[in-house]
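To keep things clear, I will list the structure first and then write my remarks on it.
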Amino acid sequence: IWLACVICIPLFAVFMWRQKAVLTRGDKYALGGGTLAGIALIAVTLTNKAADLNVAKRLAGIFSLEGSAGTRVEMWKSAIAITKEYPLFGAGPDTFSLTGMSHLTTRYLDLVGLGEVPSNAHNLPLHLAATTGIFGLLSYYAVAVYALVISLKFAWENKEPKASNAKLMYAAVLTAVVAFSINCVVSVADIGVLPFYWIALAYLVVPKTQDIECENLIVQVLPLVFALPFALMCFVLPIKFLVADHNFRLAQDVEQASPEQIALYQKAVKLNPYESDYATKLLDSIGGSYIVRLDMLTIADAENLLATIDRYYEEHPYQFDAQSVASYYYTAIAVAIKSPDLYERAIQNNVAILRKTPHQLKVLGDLGSLYKATGQIDKADEIYSFIKKTGPDTDLKQELLELIDSVKTNTK
């Protein structure tokens, strides 16, 4: 956003000059007031100890290779590696966090640590190349560049001796789209959910549009036929999802793992089975209802819980929280029951998760604990050493190392 402002505020000033714009008194008040407010806001942030809320620290981090700039560079390297592997059509939309897991660089792990998975490439062109391939990248930017080229000429021209307010307004929209595009060079925005972007894109092709008249009744009615299901999707289904979210929010204020909480999460999942967070929280709540009586669990109880975990986990096998929850309860049940069969199933479960998405910190800790408990000391030590030497020290990292340390071998 800083980069977009630095480039596009001067750009709009150039358009103002080209369109012979004259600042009114109101413009000067707005400009002066905005500048003073901005300076005041920056001054206030300089007193904040939090790095993300302090402008000076934030800017230092942006341009530091040990800060956010460094991690972004490593994400870009991962995106390039994915594009090389899937050059034409990409690895698939919304798959960067999955494919990126197996393409993380050593330096990224050193800077960020285990368990922190980038959900995108923090660079829209590279993200599109990695997830939709070269064809997807070129398709997207072909439209954007076309709109830019025809709009730039329209916004720039002014043969009148006085200011052209209409073209200046048009130039403002053009500048906003340019700013948005610049911002996406160092981040990723969900283009499809930003109405502004599509409205702006339509507005940018205005210079080439012509009035079209059609008296054919079928052609006139056909768009309405397609619009009806779209309207239902936009205005009816969200009510169902809002009710699901309401139950989900209520469940978070109820006692953990209580029957009431489980029932509320079940309603949320039933109304919106596509939301992985609902299923994960339900899974955690059900698991917690078993954990509170861990010392009294039987093999039958364990089998019931694991069957429930498997059913929900299979619906969201690549969701990281679901993976952590499944790993935790498989491990906890195996350690509580101390059954060789459950130990083996828990180990296989954790290995399968790490095969899907490597570098999962919590899952690595659980697997190390299971190896230690079953006497596979060499494998446990290997995981322990990997966790210890990889990435910065965090509370979670220390907790997992202490957990592996504290596990006692259950085999003779």
Side-chain angles (χ1 to χ4, degrees), residues 1-39 41-42 120 122-129 132 135-214 219-220 223-224 226-227 230-231 234:
I1 293 173
W2 285 96
L3 182 62
C5 289
V6 167
I7 293 175
C8 287
I9 289 177
L11 176 63
F12 184 64
V14 171
F15 277 120
M16 290 178 65
W17 165 77
R18 183 65 182 176
Q19 294 303 328
K20 304 178 178 64
V22 178
L23 291 178
T24 65
R25 180 181 297 179
D27 293 332
K28 292 175 182 177
Y29 286 152
L31 184 61
T35 302
L36 290 175
I39 293 172
L41 178 61
I42 290 172
N120 60 69
H122 279 67
N123 177 298
L124 186 60
L126 290 178
H127 185 80
L128 288 173
T132 63
F135 282 113
L137 173 66
L138 294 179
S139 298
Y140 172 78
Y141 275 103
V143 176
V145 170
Y146 170 77
L148 178 66
V149 169
I150 65 171
S151 300
L152 188 58
K153 182 179 178 181
F154 179 77
W156 182 256
E157 286 182 345
N158 187 6
K159 298 178 181 178
E160 300 296 325
K162 60 181 182 178
S164 173
N165 291 330
K167 285 197 172 184
L168 189 61
M169 179 74 174
Y170 192 87
V173 176
L174 173 61
T175 307
V177 175
V178 172
F180 177 82
S181 301
I182 292 171
N183 182 47
C184 285
V185 174
V186 290
S187 65
V188 169
D190 295 321
I191 305 298
V193 298
L194 291 174
F196 156 77
Y197 184 80
W198 294 106
I199 293 170
L201 198 61
Y203 187 46
L204 291 181
V205 298
V206 165
K208 288 291 184 181
T209 59
Q210 296 178 353
D211 291 333
I212 299 175
E213 295 182 4
C214 179
V219 175
Q220 293 178 21
L224 298 178
F226 287 101
F230 179 76
C234 288

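Just so it is clear, the model here is predicted, and its values are computed rather than measured.
Rounded to the nearest 0.5 Å, atoms CG (L152) and CD (E157) are 10.0 Å apart. With rounding to the nearest 0.5 Å, the separation of CG in L124 from OH in Y140 is 5.5 Å. To the nearest 0.5 angstrom, L168 atom CG is 13.0 Å from R18 atom CZ. In this structure, CG on L31 lies 10.5 Å from OG1 on T24, to the nearest 0.5 angstrom.
Here the closest heavy-atom approach between residue F15 and residue A171 is recorded as CG-CB, 3.7 Å. Across every non-hydrogen atom of T175 and C8, the tightest pair is CG2-O, 3.3 Å. Taking every heavy atom of both residues into account, P125 and L137 meet most closely at O-CD1, 3.4 Å.
Using a distance-only test at 3.5 Å, with no hydrogens or angles considered, no donor-acceptor pair links the side chain of N123 to the main chain of S187. Remark: the backbone N or O of V14 is not paired with any side-chain donor or acceptor of Q19 at under 3.5 angstrom. Remark: the backbone N or O of F180 is not paired with any side-chain donor or acceptor of N183 at under 3.5 angstrom. Side-chain atoms of K167 do not come within 3.5 Å of backbone N or O of W156 as any donor-acceptor pair.
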Check your understanding: Can F12 and L174 be said to form a side chain to side chain contact (heavy atoms under 4.5 Å, CB included), step by step?
Key -> CA-CA 9 Å; F12 184 64; L174 173 61; over 6 Å; no

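Taking 4.5 Å as the limit, some side-chain heavy atom of L148 sits within range of a side-chain heavy atom of V178.
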